[in-house]
There are 2 protein chains.
Amino acid sequence: MSSPSPEAAGSPAPRVRSTRQKAAVDAALERIEDFVSAQELHAHLKEAGERVSLATVYRTLQQRLEDGDVDTLRREDGEAVYRRCAVDAHHHHLVCRVCWTAVEVTADPVEDWAARVAAEHGFSSPRHTVEVTGVCADCAAAGRA
Amino acid sequence: MSSPSPEAAGSPAPRVRSTRQKAAVDAALERIEDFVSAQELHAHLKEAGERVSLATVYRTLQQRLEDGDVDTLRREDGEAVYRRCAVDAHHHHLVCRVCWTAVEVTADPVEDWAARVAAEHGFSSPRHTVEVTGVCADCAAAGRA
DNA sequence: ATAGATGCAAACGATTTGCAGGGTT
DNA sequence: AACCCTGCAAATCGTTTGCATCTAT
């Protein structure tokens with residue numbers, strides 16, 4: 001369902017071109033350490049004199065996302081925010097009980113909770129196991145639930 | 001900054017009315033255990049023959065949210081999903097790896113986290129397993145660690 | 001009778017996309 | 001020259017809101 005991997009035969013070389021606007025977006029992402037929305041990033045660029053259309057900002061962010069160069073998450077109001085990727089913490093898996101598809105998820109709240117309860121009860125060297133399963137959207141839609 | 005608390009003098013009684021549509025929304029929230037978006041909830045109602053406008057569903061959910069009757073979070077695509085604040089406090093155990101002493105602990109943060117990650121990724125019927133182990137204070141003191 | 005509630009449709013704000021022209025390779 | 005990329009505007013989509021009407025109280 002993703003990354004069909006490179007081409008089979010002698011295929012068309014790097015099909016992605018480097019342009020002024022992409023460089024501008026990358027530079028901005030580099031400069032801004034926090035999470036920013038596409039709109040905010042666009043405003044930053046405009047303010048800096050960089051002329052890049054909002055559509056291009058969205059398209060570039062989408063690309064960076066696919067390439068795993070940026071992280072994204074939703075703000076409470078639903079706006080998506082991005083940040084250049086800083087690979088971190090250990091994660092757990094959310095597994096579909098039907099097709100066994102697994103999604104990586106971070107479990108910071110759980111790590112914290114585990115450490116806390118252990119500490120609260122005087123336990124040392126805490127260790128934990130966490131497993132979350134469910135029925136993924138595809139399987140549910142296909143009635144495979 | 002909120003809930004100005006009841007009225008000072010002899011003021012206008014309960015200003016919120018109970019209506020057929022609010023009851024329908026509440027019933028649906030009661031019936032549906034997982035997180036649902038306003039649109040989905042609206043579809044459920046329509047399918048069940050309940051006639052409630054989408055706008056009213058949104059307004060009612062907003063109210064329930066302000067009253068703290070429902071939880072909300074954003075799905076990956078930015079759509080907001082809601083769930084009646086069910087405090088189904090089931091508990092887990094903290095086990096000593098040396099003497100197998102077990103302590104009951106509540107894991108609300110974990111329950112919430114599990115439900116949240118499942119919802120955020122479109123998984124339904126979430127289920128989870130959590131195990132925390134460590135070395136209890138006694139065993140550690142006795143050098144049995 | 002009165003003020004809150006509802007339905008409908010228009011308004012909104014974020015994000016996406018079709019299309020024609022422009023720039024990179 | 002070939003094809004990707006960009007800009008612009010129109011289209012989507014979830015959610016909010018104005019307004020006339022309805023109804024619980």
Side-chain angles (χ1 to χ4, degrees), chain A residues 7 10-29 35-46 49-67 69-83 137, chain B residues 4 6-7 10-29 35-46 49-67 69-83 119-120 122:
Chain A
E7 333 313 309
S11 55
R15 38 166 82 78
V16 49
R17 302 176 182 177
S18 49
T19 64
R20 171 180 60 74
Q21 17 288 81
K22 283 179 185 170
V25 171
D26 288 339
L29 281 173
F35 278 98
V36 280
S37 70
Q39 308 265 358
E40 293 167 346
L41 185 42
H42 179 246
H44 270 263
L45 292 173
K46 177 177 294 181
E50 296 283 4
R51 211 144 347 22
V52 182
S53 77
L54 183 56
T56 294
V57 170
Y58 274 108
R59 281 189 281 232
T60 303
L61 285 174
Q62 201 52 51
Q63 265 180 34
R64 296 291 175 265
L65 199 58
E66 284 163 14
D67 295 345
D69 294 327
V70 304
D71 276 336
T72 184
L73 56 85
R74 294 275 172 178
R75 237 167 357 206
E76 284 196 341
D77 65 348
E79 210 178 339
V81 285
Y82 311 78
R83 177 187 63 174
Chain B
E7 334 313 310
S11 53
R15 37 167 82 76
V16 49
R17 303 176 182 178
S18 49
T19 64
R20 173 179 59 74
Q21 17 289 79
K22 284 179 184 168
V25 171
D26 287 340
L29 281 173
F35 278 97
V36 279
S37 69
Q39 309 264 355
E40 294 167 345
L41 185 42
H42 178 246
H44 271 261
L45 291 173
K46 177 177 295 183
E50 295 284 3
R51 216 108 44 29
V52 182
S53 77
L54 183 55
T56 294
V57 170
Y58 273 108
R59 282 189 280 232
T60 301
L61 284 174
Q62 201 51 49
Q63 266 183 31
R64 296 289 175 265
L65 198 58
E66 286 164 13
D67 294 345
D69 295 327
V70 303
D71 278 335
T72 185
L73 56 85
R74 294 275 172 179
R75 218 137 51 177
E76 287 192 333
D77 65 349
E79 210 178 339
V81 285
Y82 311 77
R83 177 188 65 172
E120 288 178 347

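Numbers restart at 1 for each chain; the letters A, B, ... are given by sequence-line order, proteins then strands.
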Ignoring backbone atoms, test whether A:Thr19 places a side-chain nitrogen or oxygen under 4.0 Å from the OP1 or OP2 oxygen of D:dT6.
->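 The answer is yes; a side-chain N or O of A:Thr19 sits under 4.0 Å from OP1 or OP2.
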Does OP1 or OP2 of C:dA5 have a side-chain N or O of B:Ser18 closer than 4.0 Å?
->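 Negative; the distance criterion is not met.
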Nearest heavy-atom neighbours spanning A:Ser37 and A:Arg75 |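 Distance-wise, the nearest heavy atoms are CB-NH2, 3.8 Å.
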Quick one: closest heavy-atom pair of A:Ala38 and A:Leu54, and the distance?
->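 Taking every non-hydrogen atom into account, O-CD1, 4.2 Å.
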Partners passing side-chain hydrogen bond (donor to acceptor under 3.5 Å, both in side chains) against A:Thr56 (at least two apart in sequence or in another chain) = A:Ser53
Would you indicate what A:Arg75 reaches in the nucleic acid, counting non-hydrogen atoms under 4.0 angstrom: base, sugar-phosphate, or nothing?
-> nothing
What about B:Arg15, does its side chain sit under 3.5 Å from the base of C:dG4 through a donor-acceptor pair?
-> no
Quick one: [X] [atom1] to [N] [atom2], roughly how many Å, whole number?
X: B:Leu73; N: D:dG14; atom1: CG; atom2: P; value: 17 Å
X: B:Lys46; N: C:dT6; atom1: NZ; atom2: C1'; value: 16 Å
X: B:Arg51; N: D:dC22; atom1: CZ; atom2: P; value: 15 Å
X: B:Arg20; N: C:dA5; atom1: CZ; atom2: C1'; value: 11 Å
X: A:Gln21; N: C:dT24; atom1: CD; atom2: C1'; value: 11 Å
X: A:Leu61; N: D:dT6; atom1: CG; atom2: P; value: 12 Å
X: A:His42; N: C:dG13; atom1: NE2; atom2: P; value: 16 Å

Testing A:Thr72, A:Leu73, A:Val70 for side chain to side chain contact (heavy atoms under 4.5 Å, CB included) with A:Phe35, which one passes?
->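 Testing A:Phe35 for a side chain to side chain contact (heavy atoms under 4.5 Å, CB included) against A:Thr72, A:Leu73, A:Val70 leaves exactly one candidate, A:Leu73.
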Measure the shortest side-chain to side-chain distance between A:Glu40 and A:Tyr82 over non-hydrogen atoms and say whether it is less than 4.5 angstrom.
-> no
Answer yes or no: is there a side-chain heavy-atom contact under 4.5 Å between A:Arg83 and A:Val36?
-> no
Output one line per pair: protein atom, nucleotide atom from nucleotides 14-17 of chain C, and distance, for all N/O pairs under 3.5 Å.
residue, atom, partner, partner atom, Å
C:dT15, OP1, A:Ala80, N, 2.8
C:dT15, OP2, A:Tyr58, OH, 2.4
C:dT15, O5', A:Tyr58, OH, 3.2

What's the closest nucleotide to the B:Ser53 side chain, out of D:dC8, C:dT2, C:dC8?
-> C:dC8
Can you tell which of C:dA3, C:dT25, C:dT6 lies closest to the side chain of B:Lys22?
->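 Side chain of B:Lys22 sits closest to C:dT6.
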Would you sort out whether A:Arg74 and B:Asp77 count as a salt bridge (Lys or Arg N to Asp or Glu O under 4.0 Å), showing the intermediate values?
-> CA-CA 9 Å; A:Arg74 294 275 172 178; B:Asp77 65 349; over 6 Å; no
